[in-house]
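Reviewing the structure listed below.
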Amino acid sequence: MSDPFDLPFFDEPGGEPAPNPPARKGGGGIAARAMAARGGPQAQTPDYVSGLNPEQRQAVETTEGPVLVLAGAGTGKTRVLTTRIAHILATGRAYPSQILAVTFTNKAAREMKTRIGVLVGEAVEGMPWLGTFHSIGVKLLRRHAELAGLRSNFTILDTDDVIRLIKQLIQAEGLDDKRWPARTFANMIDGWKNKGYAPKDIPEGDARSFANGKGRELFQAYQDRLKTLNACDFGDLLCLPIRMFREHPDVLAEYHRKFRYILVDEYQDTNTAQYMWLRLLAQRPRSRQDMTPQGGDNRPSDRSDAPAQASADRRDAAVSANESQQINICCVGDDDQSIYGWRGAEVDNILRFEKDFPGATVIRLERNYRSTAHILGTASHLIAHNEGRLGKTLFTEHADPDASKVMVHAAWDSEEEARAVGETIEQLQRPDRDGRTHNLNDMAILVRASFQMREFEDRFVTLGLNYRVIGGPRFYERQEIRDAMAYFRVVAQPADDLAFERIVNTPKRGLGETTIRTLHDIARARGVPMLTAAEDIVETEELKPKPRASLRNVVENFRRWQKMLDNTPHTELAEIIFEESGYTDMWKNDRSAEAPGRLENLKELVRSMEEYESLRSFLEHVALVMDAEQNAEQDAVTIMTLHSAKGLEYETVFLPGWEEGLFPHQRSLDEGGRSGLEEERRLAYVGVTRAKRNLHIWFVSNRRIHGLWQSTIPSRFLDELPEAHVDVQESGSSYGGYGGAFAQGRGGGYGNAGRQNPYGASRFDNVGSPGSGSFSNTYATPGWARAQANKTAATDRNWGTRSGQGIERIGYGESDSQRGAGRGSVKTRTIEGELIAKSTMDTPSAFSVGDRVFHQKFGNGNVAAIEGNKLTIDFDKAGQKRVLDGFVTGV
DNA sequence: TAAGGTGAAGTTTTT
DNA sequence: CTTCACCTTA
C-alpha cells in the first residue's frame, strides 16, 4: 500500500461489523477450520485445541466477558494467546480486523503474528490491529492526526532527538544545562507521560524539583515545540490517543463498535497510561454516565476502591454481559514477572483486574513445561517471600530422577567467577557418556547489570569460546545511521527541524554556530521550518557570502531530492543523497579506525531499506522498530541482562553476581524500599525460571565497582532458596588456590561445605544434612546473620579500624599484575550490538607474523605472534593487544 | 577544525 | 577503572 494513511475506516467486509461473518471470508485456512468447528454444538474438538491442557483450553474457549489469565513462567502463555485468537477467528466470532491484540515489544508482536499464521493460514495478514501499544497508537494518530493537533505525516522523535530538543529549551530559558541535565528532564517527562499527565496535571512537587521550579513551564514549552515541529515522542503515542478518545466520544464509539475482542500480553507490565488506554477501549460507556469510568484523573489510588464506583462497575458489567456487542477483554500476564516498575509499569494493574472488570474469569496456568522440579521448587520458594501476589505455584508432571539440583557456587572475585563459569561451559561442551554434547546456543549467562558482562567477555575471548551479547548499542543508534536517517527525514518531512539541524553541517560545510543560530531565530520568528527559512535567507544579505553559498547548495539539494521522492526508487534515492551530500566522502576521507565500519553500516542500511515500499514506510518502521535482528547461526553462549532474558529459555543458565548491593541492587533498595526489593526478587525469579535443566548461581567475595575493590556479602536471596533443591558446589581447584587462612579470612568458607569457619553456621555449610531447618522469610536467617557478622568481622580483621560499611580496598596494582599483558582490554562489542568471538582452534590462522591487519576497534597494526586463532598484534595507536583472528582483516 | 586534556559520573530498557 | 561530554589549545 503506497499510502498507509488512507485506509477506509472499517476494513472488514461491508463496512459494518457482522456478528457472524461467513466462514469463507478471511482465507481458506480459516474457512476450513471454521467449518470443522461448526459441525454442531457438540462438534468434535477442533485440532488446534486438542493439544492444550484443561486450563489452557479454558483460557482459549472462554471468549466472552473479561478474562485474566495468570500464566506462570513456562506454562504456555503465548500458545494460549495465539490459539485464542485462532479460535475466535475460526469460530466466526469476529473478523481479523475486529480483534485488537497488544504486546509490549515488536519481537512479541512478530512472534504472535507468525504463530497465529501457523494456526490459521494467511488470515493473519488481515490482522491490522496486532502490534505494540506504541505502533497501534501511531496508527490511531495517523488516522485522526488533526484531532490530536498534528498532521498525519508527523515525525516520531526518539530519545536522542528529545534530549537535543530539551537541551535547546533549557538553554533558551537561560538555565545552566549542567545543573539541569536534559537527559534527566527527558526521563521526567517520560515518567509523567507514562502516567498520562499533561503539563497541567503534574504534581506541584515534581514541577518544582526541576529547573528552579520551572518544570511545568519547561514541559509545556516542550509540548509546544513538538507541535510546531509536527512531531511527537514515544510517550505521546500513548497519551495523545487517550486525550483524543476523551475529547471525541464519537471517535471512541467507532472503535467500541469495531473492536469486539481485546487481548493484552504481559499485562503486568502496563503503565498507567496504557491502562487508561485499554480501559477506554474495553469499557463501553454506561448509558447516562461519563465516557471515562473513573472521571478525569485515573490515578490508581482514587478509583476502584470507592464503593459507589464499584457498584456502578458491576451494574455496567451486568448490562454489557447481556449486550450482543460487548467488548471482550483478555489479559495475560504474570504478577511474579513484573520487572519494569522502574519505568512506570504498575503491578497494581494486574492485581486489580477483578475489581476493574467485575465478573472476570481468572484462570491460572501453573503447569510448567519448561523446567525440572528442582528449578521450579527453587523458583517457587524464592518468590514466596514476596507479599502482595496473586499467588501461583508452578508444578511439573514430568518427574526426572536424573535432574540435578540447583548449584550455588562461591568465588573469590569476579575474575575467578568468570573463569569458573568458562570452565563449566567447556566441560558441558565435551560429550557426555552417551556421546551427547551441549550446544553453546543452549546456555546463557544472565547478569544483573551490564558491567558484569565485561569480565565474561574478556574470559571467553581468551578461551576462544564463542559468545554473543544481547543488548548494547543498537544499529539505529549509531551516529552514521542517525545522520542518514536525518537526511531522509528532512526529505520526507521538510518541517523536521531537528533532523535538519543534525545534518545541515554534516559533513562540514562551513555552517557554524552563528549561521545556524541566525537561521533558527528567523525560523522561529516567522513560524516556518528552518529549511524554508534557509530558502528565504539565501536570497538576502543577512548572511556572509560564504555560508550563504553553502546554505544555498544545501537547500537546492534538499529541494531536488524532495522532487525525486515520488518517482525514484527509495534505495536509489538514498544512495544519491549519500553521494550528493558528500556524506559518503566524509567517511571515506576519515582516517579513523571506525570509518570503514561506518561505511559498511550505511550499505547495510540501504540493504535493509529494500524490504520497504517507500522511504516513508521505512521511516515509520524505523521509528518504532529500533531493533536489528540477531544472527543465531553461530553456536555461541548468550550473555545478557536478566531484564532482556524475560520470555526466553535455556537448557543451562548461569546467574552470577548474587551479592548484596548488586543483586538486589543497592539503588533499588534505596529508591524503591520494600517494593524495590520485591521487584529485585521477581527479577531473580525470572532468572531462575529461564533454566530448563541446569541452573548455576554464583556469588563472589570481592568485586571491583567503579575501579574500587569492595568486599561483598552474599545476596539475601541465597538464603531464600529451598535447601531441598539446592546444592552448594565446592569449586575445587580454582577456588582452593588461596590457602586456608586466607580462605577463612576472606569470607569464611562459603562454598566449602562442612569446613569450619569462624563465623558460625551457615546454611550453606549444612546443605543436605538432616534436620537443618527451613528458612523463614525474615532476613534473620543464620546465613544472613552470619554474613552480617562476617561483613564487620572481615573488615576489622583485614583493616583494623575500618568501620562496618562493607567497603574496603584490597589494593589496586596487585590484581593488575596478575592479569598479565594483553588481558583486560579486549573490547569486542563493536558491531551491530553483537559480535561473536569466533573460535577456530582446528583451522590454522589465515595470517602470519608481520602481516598488516585492520581491526574494527583498534585500527591498523602488525601481527606480532600467533597461537592458534589468537593473534598478538602491535597496533599503531592502541598498542599491543591479543585478539581473535576473526576480528581482523588483512590490509 | 581536530586533537588532547579535564572532570563527572557510572542499574535495569522499550517504544 | 572506564567512558563520555565538553572545553581548551595548536
Side-chain angles (χ1 to χ4, degrees), chain A residues 102-109 131-138 156-160 162-163 167 177-179 181-184 187 190 193-194 232-239 266 269-271 273-274 338-345 414 446-455 470-474 476-477 505 507-510 512-513 590-592 620-627 640-646 657 661-672 676 679-680 682-684 686-687 703-710 809 812-813 815-816 819 824-825 827 833 877:
Chain A
V102 272
T103 63
F104 276 80
T105 63
N106 292 298
K107 196 176 153 208
T132 62
F133 277 99
H134 295 266
S135 68
I136 290 168
V138 177
I156 301 157
L157 303 184
D158 65 26
T159 322
D160 207 71
V162 168
I163 288 170
K167 193 163 189 177
D177 62 336
K178 285 219 179 90
R179 185 161 144 72
R183 181 175 298 277
T184 311
N187 286 332
D190 197 52
K193 290 190 174 174
N194 283 159
C232 63
D233 61 19
F234 284 123
D236 285 337
L237 299 181
L238 300 173
C239 292
E266 305 280 17
D269 287 338
T270 46
N271 61 39
Q274 286 159 335
S338 162
I339 54 174
Y340 286 109
W342 52 275
R343 65 175 200 220
S414 49
L446 310 181
V447 298
R448 174 65 243 265
S450 45
F451 74 83
Q452 294 173 260
M453 294 178 177
R454 186 42 186 291
E455 205 93 47
I470 311 284
R474 287 187 260 151
Y476 289 107
E477 283 166 11
N505 197 31
K508 298 272 181 287
R509 301 185 174 102
E513 204 186 332
D590 189 304
R591 289 271 136 251
S592 71
E620 172 88 358
H621 222 81
V622 168
L624 293 172
V625 186
M626 296 289 275
D627 57 352
M640 66 180 139
T641 63
L642 286 160
H643 282 91
S644 39
K646 191 161 80 159
L662 177 59
F663 194 32
H665 200 283
Q666 193 56 48
R667 202 149 144 185
S668 295
L669 301 178
D670 292 346
E671 288 171 13
E679 182 153 313
E680 294 286 294
R682 290 194 291 268
L683 199 50
V686 167
R703 194 173 286 280
R704 194 170 47 182
I705 297 169
H706 306 332
L708 180 66
W709 282 99
Q710 299 189 261
R809 264 164 207 269
Y812 276 97
S815 74
D816 275 342
R819 275 153 201 263
S825 54
K827 308 270 175 33
K877 287 183 183 160

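Heavy atoms only: backbone and side chains are in, while hydrogens, waters and symmetry mates are out. Just so it is clear, the model here is predicted, and its values are computed rather than measured.
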**Asked** So, A/His134 and B/dT15: ring centres less than 5.5 Å apart, planes less than 30° off, yes or no?
**Response**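 Ring-base stacking flag not set for A/His134 and B/dT15.
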Aro-ring/base stack A/His706-B/dA9, d under 5.5 Å, angle under 30°: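 It does not: the ring fails the test against the base of B/dA9.
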For the side chain of A/Thr132, counting heavy atoms from C-beta on, which of B/dT15, B/dT13, B/dT11 is nearest?
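In terms of side-chain proximity for A/Thr132, the closest of B/dT15, B/dT13, B/dT11 is B/dT15.
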Heavy atoms from C-beta onward define the side chain here; which of B/dT11, B/dT15, B/dT13 lies closest to that of A/Thr105?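 Selected nucleotide (nearest to the side chain): B/dT15.
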task: Verify, without hydrogens or angle tests, whether A/Asp236 (side chain) and A/Cys239 (backbone) share a donor-acceptor contact under 3.5 angstrom.
output: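 It does not hold such a pair.
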* Spell out, as yes or no, whether a donor-acceptor pair under 3.5 Å connects the side chain of A/Gln452 to the backbone of A/Ala449. =>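 Yes.
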- Message: Base, sugar-phosphate or nothing for A/Lys646? Non-hydrogen atoms, less than 4.0 Å.
- Response: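 Nothing, no nucleic acid heavy atom in range.
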_Ring centres under 6.0 angstrom apart (A/Trp342, A/His665)_ =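 Aromatic pair excluded; centres sit 6.0 Å or further apart.
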Output the rounded distance in Å from CH2 (A/Trp342) to C1' (B/dT14).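 Atom CH2 in A/Trp342 sits about 8 Å away from atom C1' in B/dT14.
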Query raised in the report: For atom C1', what is the distance between B/dT14 and C/dT3, given to the nearest Å?
Result: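 Their C1' atoms lie roughly 24 Å apart.
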Write down the distance separating the C1' atoms in C/dC6 and B/dT11, rounded off to the nearest Å.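 25 Å, rounded to whole Å.
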*Is the closest side-chain heavy-atom distance between A/Asp269 and A/Phe133 below 4.5 Å?*
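Side chain of A/Asp269 against side chain of A/Phe133, heavy atoms only: no contact under 4.5 Å found.
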